[in-house]
Participant: 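Here it is, the structure, as structure tokens.
The basis for the numbers below is simple: all heavy atoms, side chains too, and nothing from hydrogens, waters or symmetry mates.
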Amino acid sequence: MTVVDRQGASRSLEVPLGISLNLMELLKAEGFPVEGLCGGMAMCATCHIEVLEGLEKLGAQTEAELNMLDTLPKVYPASRLACQIPLSPALEGVVVRLAETE
Amino acid sequence: MRSAEDGFGGPQSITTDVCIIGAGPVGLFAVFECGLLKLKCHLVDVLPRPGGQLSEIYPKKPIFDIPGYPSILAQELVDNLMVQIAPFKPGFTLGERVEQLKKQPDGRFKIITQKGTEIQAGAVAIAAGLGCFEPRKPDIPDIQIFEGKGLEYMVSDPEKFRDGDVVIAGGGDSALDWAIQLSAVAHSLTLVHRSATFRAAAHSVETARQLESQGRMRIIVNAQLHKLLGNGHLEAVEIRHNDGRIETLQANVCLPLFGLSPKLGPIAHWGFDIQNNQIPVDTEKFQTSVPGIFAIGDINTYPGKLKLILCGFHEAALMAQAAFKYIKPQEHLSFKYTTVTGIQGL
Ligand SMILES: Cc1cc2nc3c(=O)[nH]c(=O)nc-3n(C[C@H](O)[C@H](O)[C@H](O)COP(=O)(O)OP(=O)(O)OC[C@H]3O[C@@H](n4cnc5c(N)ncnc54)[C@H](O)[C@@H]3O)c2cc1C
């Protein structure tokens, strides 16, 4: 998959499989400036991303994620919280962009 | 008339033994540990109520790793801490951000908030967690120009908006709750929300819709704040409907209520070492690189650090011992169990 950081630079990532991690955790581990301070409960929105390619592959959003996104000042039609996206083979070819921090 | 100049309602001056910056769980428990050593504490927090992350982010979540509590709601833990520290009569300055922290030539400290409150303390415990909770701000041009001039991000006193033309933006619980409350005092109230539906608590949505049908509130969905207009003070708000239409609303108050998120804030400029937004400390005293300034809870870092409430409580206990020795180097400190001494309030 590919990640575009807040400076606009893109980097491709190997998605590790077989461990139960989510995309927020992967982004953190890869050194991206994603805080993930609520630990992955869709409660802080510090892992807000815009999915540039492959949104349809990522599965449905939970109530909690929709609620959190709805309270943010700025979202995109393809906004997601990375912590609600489990790592899976579906991420192959997906492109995401880190949303700006308010 | 009473004004800040003659000392009424103006900046306050407070003297204490230990000034605790941040009233999250760890700052609160530090009051208890200091109190056992007869050190008086004063807490400062930018939020209008104590509790830090627990009250602000997850009040209704159960926590399972507080020793002795198989399960406790975050807000319940905060309420219990408030009861536990009450005998030590801590002072509180809430709703004010600490801007400056200065060491005085005599080794004491001066803490100054953005509203000008001054606190003189023998030692300082920084329990600032992930930093100051700051409002999430909408992305509109020149927004800073109107801050404090009609644009507010928090409601401290609803009376301030009496007879105002108020526009609230946001669709979460706090946007709805304030819209409902302020509709009772405002001259006009408009709630602007980006989506078509509200995901906030169902009973708030229902109340808001009722107020709308009674003409006490206008609700505009599928629209966002676009521009603020005014000369020196807010006079109108432009909103942009999702279909592209621009509408101008007369308004002297605009409240974008999109929740809060923590930012390190002024701590970065207080003269001690900071690494990755955290303050390195030793694990004997939890002292920063400046003697007499301690850092406990989520804000600090040391080898093996875990950001847990449990660890912050431990740090608070050891910090209190070290703060005592810093403030009263001549006095002997004897270690006593609470079962032996009970709780002797201050
Ligand atoms: C969703 C979620 C779930 C969690 N679950 C658990 C769990 O199950 N178990 C567990 O042990 N931990 C859990 N945590 C972590 C736990 O909440 C933190 O470890 C704890 O809140 C740290 O407490 P603190 O007092 O150090 O800081 P905080 O709670 O962050 O409080 C710091 C306070 O300082 C204030 N402040 C900062 N700077 C300034 C300034 N310059 N001026 C004035 N005020 C300032 C802030 O406004 C804030 O109120 C969880 C955290 C989250 C977000």
Participant: Where do P73(A) and P138(B) come nearest, in terms of heavy atoms and distance?
Facilitator: CB-CA, 3.7 Å
Participant: At a heavy-atom separation under 4.5 Å, does K61(B) approach chain A through its side chain, its backbone, both, or neither?
Facilitator: side chain
Participant: Could you report the tightest heavy-atom contact between L37(A) and L130(B), atom names first, then the distance?
Facilitator: CD1-CD1, 3.7 Å
Participant: Calculate, to the nearest 0.5 Å, the distance between atoms CZ and CG belonging to F198(B) and N67(A) respectively.
Facilitator: 13.5 Å
Participant: R199(B) and side chain to side chain contact (heavy atoms under 4.5 Å, CB included): which single residue from T71(A), L69(A), D70(A) fits?
Facilitator: D70(A)
Participant: Identify the heavy atoms of L72(A) and R194(B) that sit nearest to each other, and give their distance.
Facilitator: O-NH1, 2.6 Å
Participant: Rounded to the nearest 0.5 Å, how far does OG of S261(B) lie from CD of E35(A)?
Facilitator: 7.0 Å
Participant: Step through the shown structure and confirm whether more than 12 heavy atoms of other residues, nucleotides or ligands are within 6.0 Å of NZ on K227(B).
Facilitator: no
Participant: Quick one: CD on E56(B) to SG on C44(A), what's the gap to the nearest 0.5 Å?
Facilitator: 13.0 Å
Participant: Would you indicate whether E56(A), at its atom CD, is surrounded by more than 12 heavy atoms from other residues, nucleotides or ligands within a distance under 6.0 Å?
Facilitator: yes
Participant: Is it the case that over 12 heavy atoms from other parts of the model lie below 6.0 angstrom from the CG atom of N276(B)?
Facilitator: no
Participant: Salt bridge or not for K74(A) and D139(B), using N-O below 4.0 Å?
Facilitator: yes
Participant: Taking atom OH of Y69(B) as the centre, report whether more than 12 heavy atoms of other residues, nucleotides or ligands fall under 6.0 Å from it.
Facilitator: no
Participant: Specify which of Q53(B), Q224(B), H193(B) makes the most heavy-atom pairs with chain A at under 4.5 Å.
Facilitator: H193(B)
